[in-house]
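Encoded as structure tokens, the structure appears first; notes follow it.
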Amino acid sequence: MKIDVLQVQSEEKNEFEIKYNDTLQYKAKLPFISINEPLNLEKLRSIKILDTNGNEIYTTDYKYIENFKEELIPMKFLITGSQKFNQLLFTSDKNIIKIYYEEKELLNNRYVIEINDKQYFCYSIEDGYIRHFPIYDGDIQIGEALKSNIVIDGKDEYYCYLKDGYEILSDGIVALLLYLDRSEYSSSYLVNKSYNLSKNYSYNKTKKFYDKEWVKNNFGDEFYKKVDENVKLVKEKFKHPLKTSEEQWNSMSERDKKLLQFVLIMPWAMMFIVSLIVLIVILLSN
């Protein structure tokens with residue numbers, strides 16, 4: 001099974017389409033977080049998962065009391081062996097899904113998907129242009145989510161490959177990927193016609209869960225080919241930055257366009273007003 005969580009709106013909105021085996025299954029709305037406004041935690045924690053007709057399927061609940069108790073003591077995991085962070089609950093008529101980040105020991109952490117009281121573990125490994133999230137049922141790898149470190153037009157994309165027989169986990173994976181976007185990847189501050197490229201590596205104890213050939217061996221290399229194409233595209237764009245005023249204008253968000261227009265027009269408007277006042281004063285003095 002293939003799950004795609006694709007951002008379709010990033011300018012003034014933060015919206016996603018979610019596909020199961022290339023068929024639209026859900027839509028999602030995440031809060032738009034602007035760097036120009038103060039951080040609103042309640043807004044940041046609100047995620048809406050909708051059916052294709054726009055009806056809300058999952059509601060979210062940030063577990064304030066549970067999070068406060070768990071996060072109150074710094075590095076509690078060194079004593080207890082486990083500490084949970086940012087617990088977020090997704091609830092529908094069929095499922096109760098809990099997503100959280102768990103510290104087990106120094107340099108040993110994971111994301112946990114609890115769906116109807118069954119736990120699955122997800123580990124994070126950065127390997128160049130791709131961030132890998134191998135997903136485990138106990139000691140068995142059952143899937144892997146992938147996030148490219150290349151962002152084009154301010155839109156994040158997440159892909160997951162899941163073994164047959166684990167389709168029941170699909171909504172839990174969607175919840176995890178939206179959780180990650182909300183907490184780590186919000187591209188709300190980026191605009192259309194933008195290109196971002198980064199190459200990262202991680203070094204921790206979770207790397208033992210990473211089989212770099214797992215997706216290729218089980219599902220082929222389509223994702224990797226797409227990443228290679230995007231790397232070439234962005235590198236080529238960096239070689240030829242925007243030159244014409246029209247290209248620069250088209251690359252700006254609508255808000256920035258209005259702000260620039262205001263900044264450019266205001267001095268002329270002020271000069272006109274001042275000139276008009278001076279003219280009136282002169283006429284009255286005569």
Does Asn217 CG have over 12 foreign heavy atoms under 6.0 Å away?
yes

Is it the case that the side chain of Glu114 and the backbone of Leu89 share a donor-acceptor pair, with hydrogens and angles ignored and the cut-off at 3.5 Å?
no

Check the side chains of Glu167 and Tyr20 for a donor-acceptor pair under 3.5 angstrom, ignoring hydrogens and angles.
no

Sequence-distant partners of Lys2, side chain to side chain contact (heavy atoms under 4.5 Å, CB included), two or more places apart
Asp4, Asn21, Asp22, Tyr161

Give a yes or no on whether the backbone of Lys155 and the side-chain of Asp153 come within a donor-acceptor separation of less than 3.5 Å.
no

Would you please indicate if the ring centroids of Tyr123 and Tyr210 are separated by under 6.0 Å?
no

Between Lys147 and Glu184, does any NZ, NE, NH1 or NH2 come within less than 4.0 Å of an OD or OE carboxylate oxygen?
no

Is atom CG of Leu72 surrounded by more than 12 heavy atoms (other residues, nucleotides or ligands) closer than 6.0 Å?
yes

Can a cation-pi geometry be assigned to Lys199 and Tyr201, taking NZ or CZ under 6.0 Å from the six-membered ring centre and within 45° of the ring axis?
no

Would you indicate whether the side-chain heavy atoms of Tyr159 and Lys226 approach each other to under 4.5 Å?
yes

Could you give me the CA-CA distance, side-chain angles and deciding distance for Phe223 and Ile130, then say whether side-chain contact (heavy atoms from CB on, under 4.5 Å) is met?
CA-CA 10 Å; Phe223 173 81; Ile130 302 172; 3.6 Å; yes

I'd like to check Phe77 versus Ser82 (side-chain heavy atoms, cut-off strictly below 4.5 Å). Are they in contact?
no

Please evaluate residues Asp61 and Thr91 with respect to the criterion side-chain contact (heavy atoms from CB on, under 4.5 Å), reporting the C-alpha separation (whole Å), side-chain torsions for both, the decisive distance (0.1 Å), and the verdict.
CA-CA 8 Å; Asp61 178 22; Thr91 306; 6.0 Å; no

Closest approach of Met1 to Phe219 (non-hydrogen atoms, all atoms of both residues):
N-CE2, 4.0 Å

Are any non-hydrogen side-chain atoms of Lys118 and Asp137 less than 4.5 angstrom apart?
yes

If we ignore angles and hydrogens, is there a donor and acceptor under 3.5 Å between the side chains of Asn149 and Glu126?
yes

Is the count of non-hydrogen atoms from other residues, nucleotides or ligands lying under 6.0 Å from Ile96 atom CD1 greater than 12?
no

Over 12 non-hydrogen atoms of neighbours within 6.0 angstrom of CG in Leu24:
yes

Under a 4.5 Å cut-off applied to non-hydrogen side-chain atoms, are Arg182 and Tyr179 in contact?
yes

Within-4.5 Å side-chain heavy-atom neighbours: Met75 and Leu106:
yes

I'd like to know whether NZ of Lys98 has more than 12 heavy-atom contacts from other residues, nucleotides or ligands below 6.0 angstrom.
yes

Transitively linked via ILVMFWY side-chain contacts under 4.5 Å: Val5 with Ile113?
yes

Please report the interatomic distance CD1(Ile97) to OH(Tyr120), rounded to the nearest 0.5 Å.
11.0 Å

Heavy atoms of Asp156 and Tyr185 approach each other most closely as OD2-O, 2.7 Å

Nearest heavy-atom pair of Ile57 and Ser92: which atoms, and what distance?
O-CB, 3.3 Å

Does a side chain donor of either Tyr58 or Asn95 reach within less than 3.5 Å of an acceptor in the other side chain?
yes

Check whether Gln83 reaches the backbone of Ile73 with its side chain - one donor and one acceptor, N or O, closer than 3.5 Å.
yes

Are Leu180 and Tyr100 joined in one hydrophobic group, where the rule is that I, L, V, M, F, W and Y side chains link up if heavy atoms are under 4.5 Å apart?
no

More than 12 heavy atoms from other groups under 6.0 Å of NZ on Lys48
no

Any side-chain heavy atom of Asp181 sitting closer than 4.5 Å to one from Phe16?
yes

Nearest heavy-atom contact between Gln141 and Pro134 is NE2-CB, 3.6 Å

Above 12 or not: heavy atoms from other molecules or residues under 6.0 Å from CD of Glu222?
no

Taking all atoms of both residues into account, what is the closest heavy-atom pair of Glu70 and Lys84, and its distance?
OE1-N, 2.7 Å

Considering only heavy atoms from C-beta outward, does the side chain of Leu50 approach that of Lys29 to under 4.5 Å?
yes

Would you call Tyr158 and Val174 a side-chain contact if the rule is heavy atoms closer than 4.5 Å?
no

Return the minimal non-hydrogen interatomic distance between Pro31 and Ser46, and the atom names on each side.
CD-O, 2.6 Å

Tell me if the CG atom of Asn55 is crowded by more than 12 foreign heavy atoms within 6.0 Å.
yes

